[in-house]
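Before any comments, here is the structure.
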Amino acid sequence: MPRDIASLANPGSDSVVQSLLDAARTSAERQTATQSLGLTPSTRYRVIAQPANSAGPVHIPSAVMSTVAGPVLAEVVLNTDAVAAPRAGVGIAAAPAELVRSWQSALIALRLTSDSEPVLHADDLGSLLLLAEISPAGAPENCDLQAVGVVIRESPRIIAMLDTLAASDSLRAAATTLGFHHSTVQSRAEELSGKLGFDVRTTRGRTRLSVALALYRLETVRFD
């Protein structure tokens, strides 16, 4: 049986975890880090990413990583451990030798979190995970991303409605979630469709909106 992950923490584990999760390190260096942390090769772990500026005391193997989104705390936990962080990205489960991949997926998940979904599991992202990997800079030339950015800059609070429209099966369902009258949401959806250049009332439009919002977060979210 694997030891409790908390028992693996030690005062010098910060630099060791950085070595373990750094894709630029060699396999031998990561293997040395795995051994230093006492991780079991046959056990699956996950990396949890959370904003370094809002993280509480840490008693498990962890390190503050420098990322394109600012400083992020990466914690190594057992696959079965619960996530207690208020805002976090939870990486895919992996053996110690593959925790770089778990860290990368955890960071993507964290960057895609929102007020409505403050904790995201990379396992649940599906093709969005692949999209983020091949569009690390948020694909700024994307017309849908540009349109969403303009709408949000004009009215920052609109992002809650955009998130709800993208996640809802219908305008009536979106109205229920938002606590608005159906006619109000219908009117706003029509107005937003005109500004975005695609109809958010259709299935295809909601898909485009979901992708554009994901790209927007990858482009703009920072944790400084």
Next on the checklist: Other residues, nucleotides and ligands only: do more than 12 of their heavy atoms fall within 6.0 Å of CG on Asp224?
Outcome noted: yes
Checklist outcome for this item: On a heavy-atom basis, the closest approach of Ala109 and Val90 is CB-N, 4.2 Å
Checklist entry - Within a radius of less than 6.0 Å around CD of Glu190, do more than 12 heavy atoms belonging to other residues, nucleotides or ligands occur? => result no
Next on the checklist: Quick one, Pro96 and Thr43 - any side-chain contact, counting heavy atoms below 4.5 Å?
Outcome noted: no
Next on the checklist: Looking at Arg111 and Leu218, would you say the former's side chain and the latter's main chain have a donor-acceptor pair under 3.5 Å?
Outcome noted: yes
Next on the checklist: In the structure I gave you, are the side-chain heavy atoms of Ser19 and Glu29 within less than 4.5 Å of one another anywhere?
Outcome noted: no
Next on the checklist: I need the minimum non-hydrogen distance between Leu20 and Arg30, along with the two atoms involved.
Outcome noted: O-CD, 3.1 Å
Checklist entry - Looking only at atom types and distance, does a side-chain atom of Arg188 sit under 3.5 Å from a main-chain N or O of Ser183, one as donor and one as acceptor? => result no
Item to check | Steps toward side-chain contact (heavy atoms from CB on, under 4.5 Å) verdict (Ile159, Arg217) | outcome: CA-CA 11 Å; Ile159 195 167; Arg217 289 190 165 96; 3.6 Å; yes
Next on the checklist: Less than 4.5 Å apart, side chain to side chain, heavy atoms only: is that true for Thr113 and Val221?
Outcome noted: no
Item to check | From Ser210 atom OG to Leu128 atom CG, the distance as rounded to the nearest 0.5 Å | outcome: 7.5 Å
In a table with atom names and distances, give each donor-acceptor pair under 3.5 Å that connects a side chain of residues 171-180 to protein atoms at least two apart or in another chain.
unit_1, atom_1, unit_2, atom_2, d
Thr176, OG1, Arg172, O, 3.1
Thr177, OG1, Ala173, O, 3.2

Next on the checklist: I want to check something: taking the side chain as every heavy atom from C-beta on, are Asp123 and Arg46 in contact at a cut-off of under 4.5 Å?
Outcome noted: yes
Checklist outcome for this item: Hits for side chain to side chain contact (heavy atoms under 4.5 Å, CB included) against Ala23, two or more places apart or cross-chain, chain-then-number order -> Val100, Gln104
Checklist outcome for this item: Value for NE2 (His121) from OG (Ser105), rounded to nearest 0.5 Å, stands at 11.5 Å
Next on the checklist: Could you report the tightest heavy-atom contact between Val64 and Ala52, atom names first, then the distance?
Outcome noted: CG1-CB, 4.1 Å
Checklist entry - Roughly how far apart are Glu219 CD and Asn142 CG, rounded to 0.5 Å? => result 10.5 Å
Next on the checklist: Quick check: do Val150 and Gln146 have side-chain heavy atoms less than 4.5 Å from each other?
Outcome noted: no
Checklist entry - Can you list the residues that meet the side chain to side chain contact (heavy atoms under 4.5 Å, CB included) rule with Gln31, with sequence neighbours excluded? => result Gln35
Item to check | Verdict with reasoning, Ile158 to Ile152, per side-chain contact (heavy atoms from CB on, under 4.5 Å) | outcome: CA-CA 6 Å; Ile158 200 65; Ile152 294 174; 4.3 Å; yes
Next on the checklist: Give me the atom names and distance for the closest heavy-atom approach of Leu129 to Arg101.
Outcome noted: CD2-NH2, 4.0 Å
Checklist entry - What is the minimum heavy-atom distance between Ser62 and Val17, and which atoms define it? => result N-CG2, 3.6 Å
Next on the checklist: Let me confirm one number: the CD-CD distance from Glu75 to Gln50, rounded to the nearest 0.5 Å.
Outcome noted: 4.5 Å
Next on the checklist: Would you compute the distance between atom CG of Leu37 and atom CG of Leu99 and round it to the nearest 0.5 angstrom?
Outcome noted: 9.5 Å
Checklist entry - Closest approach of Ala93 and Asn79, non-hydrogen atoms and distance? => result CB-OD1, 3.4 Å
Checklist entry - Just wondering, do Arg206 and Thr203 contact through their side chains at under 4.5 Å, heavy atoms? => result yes
Checklist entry - Distance from Leu112 atom CG to Tyr216 atom OH, nearest 0.5 Å? => result 13.5 Å
Checklist entry - Does the side chain of Leu107 come within less than 4.5 Å of Trp103's, by heavy atoms? => result yes
Checklist entry - Are Tyr45 and Ile92 connected in a single hydrophobic cluster, I mean Ile/Leu/Val/Met/Phe/Trp/Tyr linked by side-chain heavy atoms less than 4.5 Å apart? => result no
Item to check | Steps toward side-chain contact (heavy atoms from CB on, under 4.5 Å) verdict (Val211, Asp144) | outcome: CA-CA 9 Å; Val211 172; Asp144 290 352; over 6 Å; no
